[in-house]
Amino acid sequence: MPSKNIVLAGASGNLGPSILNALANSNLFTITVLTRPDSKPLSLPSGVKSAEVDYTSIANLTAALKSASAEAVVSILPPTAAEGQTNLIHAAVAAGVSRFLPSEFGSDLENEINRAAPAFKIKVEAQELLKSLAAEKKITYTFVYNGLFLDWGLKVGFPVSVAGRKAALFDGGDRVYSTSTLGAIGQGVVSILSDKTAETENRSVRISEAQTTAKELLSIAQDVVGSEGWEITEPSVDEEVNKAWEKLQAGIVGPESILPFIRRAIWGEGAGGLYKETDNELLGIQELDKEGLKRIVQGVAGK
């Protein structure tokens, strides 16, 4: 029998389906997915419920969480829905939810370089709100840092596109960084909400399924799909960040003024892109060696 009632907000997108499927496949939880009236219909796993909510209304969200008897909330809402997540946090407190996982799932925001970056302002604000509420014993939280999405990145060219045969080797591509597949992140969330709830209370956890470099991924990809026809660039992290600051000062807010800060968090010097200490063992995450990385590349390449 399921042991805990979980509410998931933001089940679509890049990461949402993997976390939803991991929770559902564990058979440990009763799951309710929050949906918006204007959202596209979701194909939900068997036994997963959905509840239509108004993210502008704390009262409406509170009622939905109470109806689901929510014990924990996992938010994967995008940065564009910052107000919705803030309302969801307050609703979780009002509904008596015990654990909240905000929409982190990326770079280490305990690193001061990242914490001060405009790209992460919304995430930092959510953290500070949860910390203040936890200090008042109103709720507990876990912040999940997992580095770059490994398999997703190989599909979209971040930093290597397997299908497109393109690679961006930031600062030469030799800097080692932490990265995790969507499936490993889902596994980590299951562990946090099942048997590692006490150990992960009111703190950050770090998942690093692989430690690699952009050059290593490029070499593996070329081994899998061939070395001909590749477009390889070597951008400078600092130059891109400086240009992004200029755009922001000119009032330009968009991918070209935000993504450089995310890239710096992964590949920038001193930005903590490599997790020297992780919670892999606690959460049951098996680290990938080079052969494991090759299997991921082969999967993305359809080989």
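Bear in mind the structure is a predicted one, so any value in this text is a computation, not a measurement.
Put simply, the side chain of Ile139 does not reach to within 4.5 Å of the side chain of Ser98, judged on heavy atoms. A 4.5 Å side-chain heavy-atom check between Ile296 and Leu150 finds at least one atom pair inside the cut-off. Residues Thr30 and Ile6 have side chains not in contact (no heavy-atom distance under 4.5 Å, counting atoms from C-beta outward). At a threshold of 4.5 Å between non-hydrogen side-chain atoms, the residues Arg175 and Thr213 do not count as touching. Proximity of Arg36 to Val53: side-chain heavy atoms (C-beta onward) are nowhere separated by under 4.5 Å.
Counting only N and O atoms by type, the side chains of Glu201 and Thr140 include no donor and acceptor under 3.5 Å apart. Counted by atom type alone, Glu110 and Ser204 present one or more donor-acceptor pairs between their side chains at under 3.5 Å. Side-chain N/O atoms of Thr278 and Arg206 include no donor and acceptor closer than 3.5 Å. For Asp238 and Ser236, the side-chain atoms include no donor-acceptor pair closer than 3.5 Å.
Between Phe261 and Trp245, the ring-plane angle classifies as perpendicular under the 30° and 60° cut-offs. Using cut-offs of 30° and 60° for the angle between ring planes, the Trp152 and Phe149 rings count as perpendicular.
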Practice task
Starting from the C-alpha separation in whole Å, work towards a yes-or-no answer on side-chain hydrogen bond (donor to acceptor under 3.5 Å, both in side chains) for Glu287 and Gln211.
Solution key: CA-CA 8 Å; Glu287 294 187 21; Gln211 297 182 353; 5.3 Å; no
Exercise for the section: Apply side-chain contact (heavy atoms from CB on, under 4.5 Å) to the pair Val160 and Val297, showing each step before the final yes or no. Expected result: CA-CA 10 Å; Val160 175; Val297 174; over 6 Å; no
Practice task
Please lay out, stage by stage, how Glu240 and Arg263 fare under the test side-chain contact (heavy atoms from CB on, under 4.5 Å).
Solution key: CA-CA 9 Å; Glu240 286 213 347; Arg263 297 187 186 109; 2.9 Å; yes
Exercise for the section: Any chance you could lay out the side-chain contact (heavy atoms from CB on, under 4.5 Å) test for Arg203 and Thr142, step after step, and finish with the verdict? Expected result: CA-CA 5 Å; Arg203 73 176 185 92; Thr142 304; 5.7 Å; no
Practice task
Assess whether side-chain contact (heavy atoms from CB on, under 4.5 Å) is satisfied between Arg264 and Asp171, documenting all intermediate values.
Solution key: CA-CA 10 Å; Arg264 182 179 65 180; Asp171 288 357; over 6 Å; no
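Considering every non-hydrogen atom in both Val7 and Ala68, the closest pair reads CG2-CB, 3.8 Å. Pairing each heavy atom of Val237 with each of Gly268, the nearest pair is CG1-CA, 4.0 Å. For the residue pair Ala11 and Leu8, the shortest heavy atom distance occurs at CB-CD2, 4.0 Å. Closest approach of Thr35 to Ser50, counting heavy atoms only: CG2-CB, 4.3 Å. The nearest pair of heavy atoms linking Ala210 to Leu293 is CB-CD2, 3.8 Å. When all heavy atoms of Asp108 and Gly272 are compared, the pair lying nearest together is CB-O, 4.2 Å.
The pair Lys155-Asp151 does not count as a salt bridge, with every side-chain nitrogen at least 4.0 angstrom from each carboxylate oxygen. A salt bridge is defined here as a Lys NZ or Arg NE, NH1 or NH2 lying under 4.0 Å from an Asp or Glu carboxylate O, and Glu256 with Lys247 fails to meet this definition. The pair Arg115-Glu128 meets the salt-bridge criterion, since a charged nitrogen lies less than 4.0 angstrom from a carboxylate oxygen. Salt-bridge annotation for Glu125 and Lys121: present, with a side-chain N of the basic residue lying under 4.0 Å from a carboxylate O of the acidic one.
In this structure, Asn146 contributes its side chain and Ile185 its backbone to no donor-acceptor pair below 3.5 Å. A donor-acceptor distance shorter than 3.5 angstrom exists from the side chain of Ser178 to the backbone of Tyr275, with no hydrogens or angles considered. In this structure a side-chain-to-backbone donor-acceptor pair under 3.5 Å is present from Gln85 to Ser103. Judged by distance alone, with hydrogens and angles left aside, the side-chain atoms of Asn111 form a donor-acceptor pair with the main-chain N or O of Gly270 at under 3.5 Å. No donor-acceptor distance shorter than 3.5 angstrom exists from the side chain of Thr179 to the backbone of Gly147, with no hydrogens or angles considered. Remark: side-chain polar atoms of Asn87 are not paired, donor with acceptor, to backbone N or O of Ile58 under 3.5 angstrom. Checking side-chain atoms of Glu209 against main-chain N and O of Thr181 turns up a donor-acceptor pair under 3.5 Å. In this structure, Asn114 contributes its side chain and Ala271 its backbone to a donor-acceptor pair below 3.5 Å. When atom types are taken as modelled, the side chain of Asn280 and the backbone of Ser208 share a donor-acceptor pair closer than 3.5 angstrom. With Glu231 contributing its side chain and Ala167 its backbone, the two residues share no donor-acceptor pair below 3.5 Å.
Counting non-hydrogen atoms of other residues, nucleotides and ligands closer than 6.0 Å to CD of Glu281 gives a total of 12 or fewer. Heavy-atom neighbours of Lys131 NZ from other residues, nucleotides or ligands within 6.0 Å: above the threshold of 12. The environment of Glu239 atom CD is sparse: at most 12 non-hydrogen atoms of other residues, nucleotides or ligands sit within 6.0 angstrom.
Among Thr200, Val205, Leu283, the one residue that satisfies the side-chain contact (heavy atoms from CB on, under 4.5 Å) test with Ser191 is Leu283. Among Val73, Ile76, Val189, the single residue meeting the side-chain contact (heavy atoms from CB on, under 4.5 Å) criterion with Leu101 is Val189. Remark: of the listed residues Glu71, Arg99, Lys4, Lys4 is the sole one forming a side-chain hydrogen bond (donor to acceptor under 3.5 Å, both in side chains) with Thr197.
A distance of 4.5 Å separates CG in Leu77 from OH in Tyr55, rounded to the nearest 0.5 Å. For the atom pair CG (Leu61) and CG (Leu88), the distance works out to 5.5 Å, reported to the nearest 0.5 Å. Note: Ile192 CD1 to Phe143 CZ = 11.5 Å, rounded to the nearest 0.5 Å. Rounded to the nearest 0.5 Å, atoms OH (Tyr145) and OG (Ser107) are 9.5 Å apart. A distance of 9.0 Å separates CG of Leu129 from CZ of Phe100, quoted to the nearest 0.5 Å. Atom CG of Leu44 and atom CD1 of Ile31 lie 9.5 Å apart (nearest 0.5 Å).
The side chain to side chain donor-acceptor pair (under 3.5 Å) search around Ser43 returns none, not counting sequence neighbours.
The hydrophobic clustering, which links ILVMFWY residues whose side-chain heavy atoms are closer than 4.5 Å, places Leu248 and Val241 together. Residue Leu169 is grouped with residue Val156 when hydrophobic side chains (ILVMFWY) are merged at heavy-atom distances under 4.5 angstrom, including chains of intermediate members.
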Side-chain donor-acceptor pairs under 3.5 Å in residues 214-230, sequence neighbours left out?
{"from": "Glu216", "atom 1": "OE1", "to": "Thr212", "atom 2": "OG1", "distance (Å)": "2.4"}
{"from": "Asp223", "atom 1": "OD2", "to": "Lys294", "atom 2": "NZ", "distance (Å)": "3.0"}
{"from": "Trp230", "atom 1": "NE1", "to": "Gly226", "atom 2": "O", "distance (Å)": "2.8"}

